[in-house]
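Notes to accompany the following structure.
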Amino acid sequence: MPALSLHWFRDDLRLADNPALSAAVAHGPTLFLYILDEGGSRRPLGGASRWWLSRSLAALDFALKAKGCELVLMRGDPGAILPRVVETARIDLVTWSRRYDAESVALDSRLKADLVAAGTKVESFNAALLNEPWQVTTKTGEPMKVFTPYWRAARAAGEPAAPKPAPKHMQSLKLPPAITAMTVSHADLALDPVKPDWAGGLREAWTPGEAAAAERLGEFLSGPLDGYGEGRDRPDRAATSRLSPHLRFGEIGPRQIWHATRSAIESGEASAGSSDAEKFLSEIGWREFSYHLLFYNPDLATRNYNPRFDAFPWRRDDAATRAWQRGLTGYPIVDAGLRELWTTGWMHNRVRMIAASFLIKHLLIDWRHGEDWFWDTLVDADPANNAASWQWVAGSGADAAPYYRIFNPVTQGLKFDPKGLYVRRWIPEIAGLDDTLIHEPWKADADQLHRAGIVLGQTYPRPIVDLDFGRRRALDALAKTRDETRSD
Ligand SMILES: Cc1cc2nc3c(=O)[nH]c(=O)nc-3n(C[C@H](O)[C@H](O)[C@H](O)COP(=O)(O)OP(=O)(O)OC[C@H]3O[C@@H](n4cnc5c(N)ncnc54)[C@H](O)[C@@H]3O)c2cc1C
């Protein structure tokens, strides 16, 4: 009998720099398996992520076919499916790339114990991070709570390992009929929206898959990386990498990004300076830090990291929450962000901060409602980054924004979208306003509104909350929480 292996694809939908896949392929003919698990304890994927996953699996299947192999799809509980497949197909090595949310860690440990007990070898690897959460700690071995020392310690650990290329030769194992009977087609996964098909904007904006991720990285390094340090805050420019959904689904890994960035700078292929590169890599560092926080705080998406926020006087206001979700708050930069999100499944980081701050602070709505909306609508919805970022904005998180930081959507708009290009792109109904009024249409007089074809309250909403009132209300509530925190 030849040695047979199985690689279980999860959030590592790529062939290059995938050590678990390489180990399986080196072992012998491989079953390349993806299992869509929708009923388990893991948080179900949001709509936009499901769309991405669908396209990403198609791209992975295409890449495997180019190597004479095939992706096998199944649906259900991996805890039950995997042991059955392994036994039926007489697999002797199972490999996977590790995940770091508590439900996955528990599932993996259980599965590993079951498979090993049945005589199968199991090997897991790191494909998602530069450093796994437990590899960066304080001198006394405690989890880190602040980004700067975290990143300093991570950097001191040395250069990440060089990425490995995709295996040259791969062979799919011939499926026994009993395994074929367990498979489903791509269409059976029902990941794409149908009635209605709302994914037109996503299709226009993105090409999921490993090849597209590599191309996007190359374009970023030879272009926007130059000036990234300043440009990354400008939603009116294409100045960031837009790699987030590719990273989320593991179509590219941080080791690949790290080394490609370094070598583009060193070879002079990128015109950017090393400070732009350092800034970019430190954002990859924030992703690492978020995973560190998630690993040590498994309920990061549902519980305040700082428990003092448990008594915070959140308001329930369904009408305001809906207006925020639909981009109808009357504050153009907030509305533009929410509409960009709805149409493309992505929002610029600066605008994510402004929009989140507006919901949490000006509207006093619990950050978990915002986190949930992002989870459903972002193509990069990430269990670590989303939860950590929302808690950061709320002030309830580790190394969070100071409680008194309340982004003013008008001054933020004027500073980071000075000509209103971003706002005009997403809110065409106010595009006719001058640059001076584009971030505060309610200040336009009757003549200016008329000339721009705007009827406030009809074609574009009036502000749903007064900024000064909202700010004072938030500061009062936050100051109380801070005072209580101080009594610790
Ligand atoms: C309220 C809020 C929610 C967010 N939710 C998510 C989310 O669900 N998924 C997600 O990937 N990012 C999230 N972010 C972080 C950030 O906005 C996105 O990672 C970034 O906008 C993605 O665009 P990019 O790939 O062009 O980033 P770039 O600027 O090119 O950065 C490169 C990579 O670094 C990582 N990164 C950048 N900024 C951050 C950050 N602040 N925290 C953690 N990692 C970061 C991302 O993986 C990103 O792809 C959130 C931020 C906020 C304020």
Side-chain angles (χ1 to χ4, degrees), residues 11 43 45-46 48-49 52 128-130 147 150-151 205-206 213 216-217 219-221 223-225 227-235 237-254 256-258 260-261 272 276-294 300-301 324 334 337-338 340-341 344-361 367-401 405 407 412:
D11 294 335
R43 187 178 188 181
L45 291 180
S49 297
W52 189 284
L129 296 171
L130 299 174
F147 174 72
Y150 170 86
W151 192 229
W206 301 102
R216 196 171 275 274
L217 174 63
E219 280 167 9
F220 172 70
L221 295 179
L225 179 62
Y228 174 84
E230 187 246 338
R232 64 183 286 273
D233 273 323
R234 296 287 298 266
R237 302 179 187 159
T240 66
S241 72
R242 293 179 171 246
L243 282 167
S244 50
H246 298 288
L247 270 164
R248 157 67 184 86
F249 287 92
E251 298 168 354
I252 194 164
Q256 293 168 293
I257 295 176
W258 180 280
T261 305
D276 284 328
E278 281 304 317
K279 185 71 197 153
F280 175 60
L281 294 176
S282 79
E283 296 307 319
I284 302 292
W286 273 99
R287 177 176 178 273
E288 300 271 314
F289 182 55
S290 300
Y291 270 88
H292 181 81
L293 291 175
L294 177 69
L300 197 64
W324 178 84
V334 175
L338 270 306
E340 178 181 34
L341 174 62
T344 71
W346 186 87
M347 193 197 297
H348 187 277
N349 179 59
R350 168 61 49 180
V351 191
R352 291 188 203 204
M353 291 195 287
I354 300 167
S357 170
F358 184 79
L359 182 79
I360 296 167
K361 299 192 175 172
W367 61 266
R368 283 162 280 221
H369 291 295
E371 199 273 345
D372 230 25
W373 183 251
F374 273 30
W375 181 262
D376 195 29
T377 52
L378 277 171
V379 284
D380 64 25
D382 183 283
N385 286 358
N386 200 34
S389 299
W390 274 94
Q391 294 231 37
W392 183 89
V393 178
S396 61
D399 195 9
R405 181 179 295 166
F407 287 110
Q412 289 282 309

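Each ligand, and each atom within it, is numbered from 1 in the order the structure gives. Not measured: the values here are computed from a predicted model.
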State, yes or no, whether a side-chain contact exists between [X] and [Y] at a heavy-atom distance under 4.5 Å.
X      : Y      : result
Trp375 : Asn386 : yes
Phe358 : Phe407 : no
Phe289 : Trp151 : no
Thr377 : Leu338 : no
Glu288 : Pro254 : yes
Leu359 : Trp390 : yes
Ile284 : Thr261 : no

List the closest protein heavy-atom neighbour of [atom]: residue, atom name, distance to the nearest 0.1 Å.
atom                    : result
atom 14 (N) of ligand 1 : Arg352 NH1, 3.5 Å
atom 33 (C) of ligand 1 : Ile284 CD1, 3.7 Å
atom 50 (C) of ligand 1 : Ser389 OG, 3.4 Å
atom 30 (O) of ligand 1 : Ser241 OG, 2.6 Å
atom 40 (C) of ligand 1 : Trp286 CB, 3.9 Å
atom 41 (N) of ligand 1 : Asn349 OD1, 4.2 Å

What atoms of ligand 1 come within less than 4.0 Å of a heavy atom belonging to [X]?
X      : value
Ala381 : 8 (O)
Phe280 : 30 (O), 32 (C)
Phe374 : 1 (C), 3 (C)
Leu247 : 47 (O), 49 (O)
Ser244 : 11 (O), 22 (C), 23 (O), 25 (O), 49 (O)
Leu378 : 5 (N), 7 (C), 8 (O)
Trp346 : 22 (C), 23 (O), 26 (O)
Arg287 : 43 (C), 44 (N), 47 (O)

Can you tell me if [X] has a non-hydrogen atom under 4.0 Å from ligand 1?
X      : answer
Arg248 : no
Trp392 : no
Tyr228 : yes
Met353 : yes

Mind jotting down which residue pairs meet the salt bridge (charged side-chain N to carboxylate O under 4.0 Å, His left out) criterion with at least one end in residues 344-361? Sequence neighbours excluded, please.
Asp233-Arg350, Arg352-Asp380
Evaluate side-chain contact (heavy atoms from CB on, under 4.5 Å) for Arg232 paired with Phe280, printing each intermediate quantity in order.
CA-CA 9 Å; Arg232 64 183 286 273; Phe280 175 60; over 6 Å; no
Does a side-chain N-to-carboxylate-O contact under 4.0 Å join Glu283 and Arg287?
no
Under 4.0 Å between a side-chain nitrogen and a carboxylate oxygen: does that hold for Arg242 and Glu219?
no
Return the option from Arg242, Arg350, Glu283, Arg232 holding the heavy atom at the smallest distance from atom 35 (C) of ligand 1.
Glu283
Can you check which of Asp380, Asn386, Asn385 brings a heavy atom nearest to atom 46 (C) of ligand 1?
Asn385
Check for me whether Arg248 meets the cation-pi criterion with Trp52, that is, NZ or CZ under 6.0 Å from the six-membered ring centre and within 45 degrees of the ring axis.
no
List the steps, then state whether side-chain contact (heavy atoms from CB on, under 4.5 Å) holds for Tyr228 with Glu230.
CA-CA 5 Å; Tyr228 174 84; Glu230 187 246 338; over 6 Å; no
N or O contact, Asp382 vs ligand 1, cut-off under 3.5 Å:
yes
Pairs of nitrogen or oxygen atoms closer than 3.5 Å, one from Leu243 and one from ligand 1: do any exist?
yes
